[in-house]
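Throughout, protein chains are lettered first and strands after them, A, B, ... in sequence-line order, and every chain is numbered starting at 1.
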Number of protein chains: 2
Amino acid sequence: MEIRHLLYFKTVAEQLHFRNAAAKLFISQPPLSRQIKELEEELGVLLFSRSNKRVTLTDAGKYFKVEVDAIFARLEESKNIVKQIHLNESGEFKIGYISSVYQTYLAEVLKLMHKEFPYIKTSLYEVPTITQIDALEQGKLDVGILRAPVHSEKLQQQSLFFDPFVVVVPSTTKNFNTQQDLVLFIKSSPFIFFNKEFAPYYNDKLMEICGRMGFKPDITHEANNVHSILQLIEAGLGVSILPSSIKRQYHYLQVSFIELDQIPVNTEVVLAYKQTNKSTALKWFIENYKSQSFND
Amino acid sequence: MEIRHLLYFKTVAEQLHFRNAAAKLFISQPPLSRQIKELEEELGVLLFSRSNKRVTLTDAGKYFKVEVDAIFARLEESKNIVKQIHLNESGEFKIGYISSVYQTYLAEVLKLMHKEFPYIKTSLYEVPTITQIDALEQGKLDVGILRAPVHSEKLQQQSLFFDPFVVVVPSTTKNFNTQQDLVLFIKSSPFIFFNKEFAPYYNDKLMEICGRMGFKPDITHEANNVHSILQLIEAGLGVSILPSSIKRQYHYLQVSFIELDQIPVNTEVVLAYKQTNKSTALKWFIENYKSQSFND
DNA sequence: ATAATTGATACTTAGTAGGTATCATATGGA
DNA sequence: TCCATATGATACCTACTAAGTATCAATTAT
């Protein structure tokens, strides 16, 4: 018995006319007659009653028609779902991240992900927080690593870690004996910082930190990513205040990262994703990214 | 896609080894490899992951395996049930009946039955009540038309009609002016009746009726069926007291059927069948035999 | 380092699904 | 009442394909 037999049976059962059913199946009538006969012989059951060349279903045939319909329905549904599962795990998985994210670690996680989903294609987009939020909402990104707060009802978020701030100064700068000396130095230095429109919450944090230190920062240079900022500092064009988590990634630069004691201002890094995204790949990423987090 | 593909997939999924699966399917490995490839191409889905010549199921494959198992299970069950329905309606349907049943009518019912179940083979067995009860209990009869009571916990019964009794005498007998004359006549006549062991309840009824008339019947001839009894009466060997329902069937005999007024003794005719018999044919017979009953 | 094993591909062939021709029988229309 | 049409079934033929063998490239086991 093959699916062909079941389909032929189903069609004859619906038409109750061999020649009409054959036309519907795009075959000629004799093979249809034979295939039905073979099915009946294999089952050892008469499915149709032929009397005076008219065809009716036997009780066995009536029952079998219902069963065949149910089996076909389930097979079609299974095919659809199996395709969805496949696409879910073999399509493109787009990750947004802010420039301060430790990419070596992200790469490690993606390595594990490819082991789990060999056919997936991951794409990385270094995108500022506010741009990520729009892209996530529009489904252009599957997941984002960005800074809180994420004000969006469409997005779900999961805290990764809290990131305090450090003062970043050129390495040629002399060591400061006291925090007060440090404050005096950066107060009189030009500031290099993120573009306010790209990272408004960063900007707010900067104002808060400097406010606590009793001055307003003189932002003379703007950039839209952290390595540009650091390069300018290294070149001696100014100072900045940046999240502590970048230290590990940019330890090779000729800059100094100075902890800011006693200023309890930090920023939260989160994963964000669209609530309606039920992708298995996304689920894996959410469950596995944080558990491998270096927030220790 | 054919069932063959699903079977090949299922076997590879279970074995996770193409050569082992091929052996199990009694085919060689290359066609199995190709057929699985064709299935994956038709679905547009990778069901297996081949890495370093090792085989694992993808997530899509895992899901599909569960679905294919369920579909195969349902198909097998459907095949079994369809065979049972077929046998149910194309096998032998054995009917027992007491000799006093009106066979013309029974034949009419069977005619209708054959219209409903064209492939059924009905077999009629004229069998006394007590023998029918045993046979029904042992499944040797599908249904019985017999006289109540039927003392059996295994059997279900359905009342057909109540049958009063009549005196049967040879036609040559002169007419009786009063019931008292009739009673005097049969009191002094030899009785022909059913064998007590074949029809004990009949016998009890006879004793009751004669007791009410004030005498004990002189049973000089026994027979095990009603037409033998009637033939003996026609031949002048005696009289009998028999159920009224036989009148219609034996109207051609040279005997007279005389109603017994004022003796409210009768017998109940029932259909009986085994409780556990769920045959569709039996169901039809039970529903249709009585609705065509001439008990009016 | 070599032999064994694996799934995949190329080529060949036996088996079968579907074709056409035709049958016997019943029904519908003139 | 007769003839044309329609029906499902059977016989025979052929194109297509499922399964065979041979062999490959790559990996694992000895």
Side-chain angles (χ1 to χ4, degrees), chain A residues 1-58 60-62 64-65 68 72 86 90 114-115 118-119, chain B residues 1-58 60-62 64-65 68 86 90 115 118-119:
Chain A
M1 174 185 292
E2 294 289 9
I3 286 176
R4 180 182 69 247
H5 293 100
L6 302 180
L7 177 63
Y8 290 177
F9 162 72
K10 174 182 155 75
T11 309
V12 175
E14 283 164 1
Q15 302 288 314
L16 296 178
H17 191 287
F18 274 76
R19 287 172 193 258
N20 288 352
K24 206 166 183 194
L25 292 159
F26 302 106
I27 69 171
S28 53
Q29 176 267 323
L32 181 56
S33 179
R34 248 187 337 255
Q35 293 275 306
I36 295 296
K37 193 179 183 82
E38 279 174 30
L39 177 60
E40 286 175 323
E41 280 165 7
E42 179 177 330
L43 287 169
V45 167
L46 266 178
L47 299 169
F48 296 102
S49 164
R50 287 88 149 170
S51 59
N52 301 343
K53 307 289 176 87
R54 292 207 184 296
V55 176
T56 54
L57 278 162
T58 61
K62 284 171 188 162
F64 201 57
K65 172 61 166 69
V68 164
F72 276 157
H86 178 72
S90 65
H114 276 267
K115 279 189 170 179
Y119 312 106
Chain B
M1 174 183 293
E2 293 290 9
I3 287 177
R4 179 183 68 247
H5 293 101
L6 303 180
L7 177 63
Y8 289 177
F9 162 72
K10 172 182 155 78
T11 308
V12 176
E14 283 162 3
Q15 301 288 316
L16 296 180
H17 192 286
F18 275 75
R19 286 172 193 259
N20 288 352
K24 209 166 183 198
L25 292 158
F26 303 107
I27 69 173
S28 54
Q29 176 266 323
L32 180 58
S33 179
R34 250 190 333 259
Q35 294 275 306
I36 295 298
K37 194 179 182 83
E38 278 174 32
L39 177 59
E40 286 176 323
E41 278 166 8
E42 180 178 328
L43 287 171
V45 166
L46 265 178
L47 297 169
F48 296 102
S49 165
R50 288 87 148 170
S51 61
N52 300 344
K53 304 296 175 86
R54 295 213 183 291
V55 176
T56 54
L57 279 161
T58 62
K62 282 169 188 165
F64 202 56
K65 171 64 165 66
V68 165
H86 177 74
S90 64
K115 279 188 169 179
Y119 313 106

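Taking all atoms of both residues into account, the shortest heavy-atom contact from L32(A) to V12(A) is CD2-CG2, 3.8 Å.
Protein chain A contacts DNA chain C over a range whose 5' and 3' limits, counting nucleotides with an atom under 4.0 angstrom from a non-hydrogen atom, are dA17(C) to dG28(C).
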Review item, side-chain donor-acceptor pairs of residues 38-48 of chain B, under 3.5 Å, at least two apart:
{"from": "E40(B)", "atom 1": "OE1", "to": "R50(B)", "atom 2": "NH1", "distance (Å)": "3.1"}
{"from": "E40(B)", "atom 1": "OE1", "to": "R50(B)", "atom 2": "NH2", "distance (Å)": "3.3"}
{"from": "E40(B)", "atom 1": "OE2", "to": "L47(B)", "atom 2": "N", "distance (Å)": "2.9"}
{"from": "E40(B)", "atom 1": "OE2", "to": "F48(B)", "atom 2": "N", "distance (Å)": "3.1"}
{"from": "E40(B)", "atom 1": "OE2", "to": "R50(B)", "atom 2": "NH1", "distance (Å)": "3.0"}
{"from": "E42(B)", "atom 1": "OE1", "to": "M1(B)", "atom 2": "N", "distance (Å)": "2.9"}
{"from": "E42(B)", "atom 1": "OE2", "to": "M1(B)", "atom 2": "N", "distance (Å)": "3.1"}

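Contacts of residues 8-18 of chain A with DNA chain D (heavy atom under 4.0 Å): H17(A), F18(A). Scanning residues 32-44 of chain B for heavy-atom distances under 4.0 Å to DNA chain C yields S33(B), R34(B), K37(B).
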For nucleotides 23-30 of chain D, 5' to 3', base contacts (B), sugar-phosphate-only contacts (S) and non-contacts (-) with protein non-hydrogen atoms under 4.0 Å give --BBSSS-

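Checked against salt bridge (Lys or Arg N to Asp or Glu O under 4.0 Å), R4(B) has the following partners two or more places apart in sequence or in another chain: E2(A). Remark: T11(A) pairs with L7(A), Q15(A), A21(A), K24(A), L25(A) by the side-chain contact (heavy atoms from CB on, under 4.5 Å) rule, at least two apart or across chains. The salt bridge (Lys or Arg N to Asp or Glu O under 4.0 Å) test applied to R34(A) returns no partner, not counting sequence neighbours. Remark: K62(A) pairs with D59(A) by the salt bridge (Lys or Arg N to Asp or Glu O under 4.0 Å) rule, at least two apart or across chains. Partners of T56(B) under the side-chain contact (heavy atoms from CB on, under 4.5 Å) rule, at least two apart in sequence or in another chain, are S49(B).
Rounding to the nearest 0.5 Å places CD1 of I36(B) at 5.5 Å from CZ of F18(B).
Side-chain contact between L57(B) and F64(B) is absent, with no heavy atoms from C-beta onward closer than 4.5 Å. Between F9(A) and Q35(A), the closest side-chain pair of non-hydrogen atoms is not below 4.5 Å. Between K65(A) and E14(A) the shortest side-chain heavy-atom distance falls below 4.5 Å.
Looking at which nucleotide of DNA chain C each of S28(A) and R50(B) is closest to, the 5′-most match is held by R50(B).
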Pairing of DNA chain D as dot-bracket, 5' to 3': ( ) intra-strand, [ ] crossing, | other strand, . unpaired, with Watson-Crick or G-U pairs under 3.5 Å? ||||||||||||||||||||||||||||||

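Put simply, CD1 on I3(B) is 17 Å from C1' on dA18(D), counting in whole angstrom units.
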